[in-house]
A.B. asks: 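Sharing a structure, written as structure tokens. Questions coming.
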Amino acid sequence: MTITRSDRISGTIYVIADNAEMARARTIDYLRHQETLGEDDTLLHRVFDHQKDADKELHNRYGSYDTDRDRVYAISLDIRIATEK
């Protein structure tokens with residue numbers, strides 16, 4: 001999901017982490033710095049727009065992930081003006 005400026009953002013991003021709290025922290029950090037990141041910087045945050053890309057990176061035999069510990073977490077976003085239902 002590519003994030004653009006608007007009054008509403010909804011969708012799912014995928015994060016590689018070893019627990020839900022770390023996935024949350026990486027997501028917040030990624031969203032906080034998203035405007036200044038280059039295209040390849042998503043790997044630094046371990047955040048992906050598509051699950052297949054996150055799965056591919058998790059199982060990359062040259063990567064540094066421990067597939068017994070790390071997992072792909074789906075983070076659902078629904079950011080909107082509070083008065084909308």
Side-chain angles (χ1 to χ4, degrees):
M1 174 194 91
T2 303
I3 298 175
T4 59
R5 292 186 185 275
S6 66
D7 284 340
R8 181 181 182 110
I9 299 171
S10 62
T12 304
I13 57 176
Y14 301 90
V15 183
I16 298 174
D18 62 1
N19 59 60
E21 291 79 13
M22 181 57 71
R24 175 193 52 119
R26 287 188 176 149
T27 300
I28 290 170
D29 191 47
Y30 170 77
L31 292 173
R32 183 175 289 132
H33 298 102
Q34 194 262 339
E35 290 183 3
T36 61
L37 297 175
E39 191 170 311
D40 293 330
D41 291 334
T42 57
L43 287 176
L44 297 174
H45 292 275
R46 300 176 175 131
V47 176
F48 301 85
D49 289 338
H50 305 284
Q51 183 176 356
K52 65 180 172 91
D53 295 334
D55 289 336
K56 181 179 174 183
E57 185 62 29
L58 178 63
H59 297 289
N60 177 354
R61 66 181 172 149
Y62 300 110
S64 61
Y65 300 109
D66 179 353
T67 54
D68 291 331
R69 182 193 72 208
D70 295 322
R71 299 187 240 9
V72 174
Y73 287 85
I75 307 294
S76 298
L77 298 175
D78 184 17
I79 303 169
R80 58 186 159 68
I81 298 170
T83 58
E84 293 182 6
K85 294 187 179 191

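Note that these values count all heavy atoms, side chains included, but never hydrogens, waters or copies made by symmetry.
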A.B. asks: Looking at every heavy atom in both Ala17 and Ala23, which two are closest together, and how far apart are they?
C.D. replies: CB-N, 3.6 Å
A.B. asks: Take Tyr65 and Arg46 through the side-chain contact (heavy atoms from CB on, under 4.5 Å) test and state the conclusion after the steps.
C.D. replies: CA-CA 10 Å; Tyr65 300 109; Arg46 300 176 175 131; 3.2 Å; yes
A.B. asks: For Phe48 and Ile16, what are the C-alpha separation, side-chain angles and deciding distance, and is it a side-chain contact (heavy atoms from CB on, under 4.5 Å)?
C.D. replies: CA-CA 9 Å; Phe48 301 85; Ile16 298 174; 3.7 Å; yes
A.B. asks: What's the spacing between Leu58 CG and Asp53 CG if we round to 0.5 Å?
C.D. replies: 12.5 Å
A.B. asks: Of all heavy-atom pairs between Tyr73 and Ala20, which one has the smallest distance, and what is that distance?
C.D. replies: OH-N, 3.5 Å
A.B. asks: What distance separates Asn60 CG from Asp55 CG, expressed to the nearest 0.5 Å?
C.D. replies: 12.5 Å
A.B. asks: Look up atom CD1 in Ile13 and atom CG in Leu77, then write down how far apart they are to the nearest 0.5 Å.
C.D. replies: 5.0 Å
A.B. asks: Is there a path from Tyr30 to Met22 through hydrophobic residues (I, L, V, M, F, W, Y) whose side chains come within less than 4.5 Å of each other?
C.D. replies: no
A.B. asks: Test Leu31 against every option in Thr27, Asp29, Ile28 by the side-chain contact (heavy atoms from CB on, under 4.5 Å) rule and name the one that passes.
C.D. replies: Thr27
A.B. asks: Once side chain to side chain contact (heavy atoms under 4.5 Å, CB included) is applied, do any residues pair with Ile79, and if so which ones, sequence neighbours excluded?
C.D. replies: Ile9
A.B. asks: Mind checking what makes side chain to side chain contact (heavy atoms under 4.5 Å, CB included) contact with Arg69, not counting sequence neighbours?
C.D. replies: Asp18, Asp66
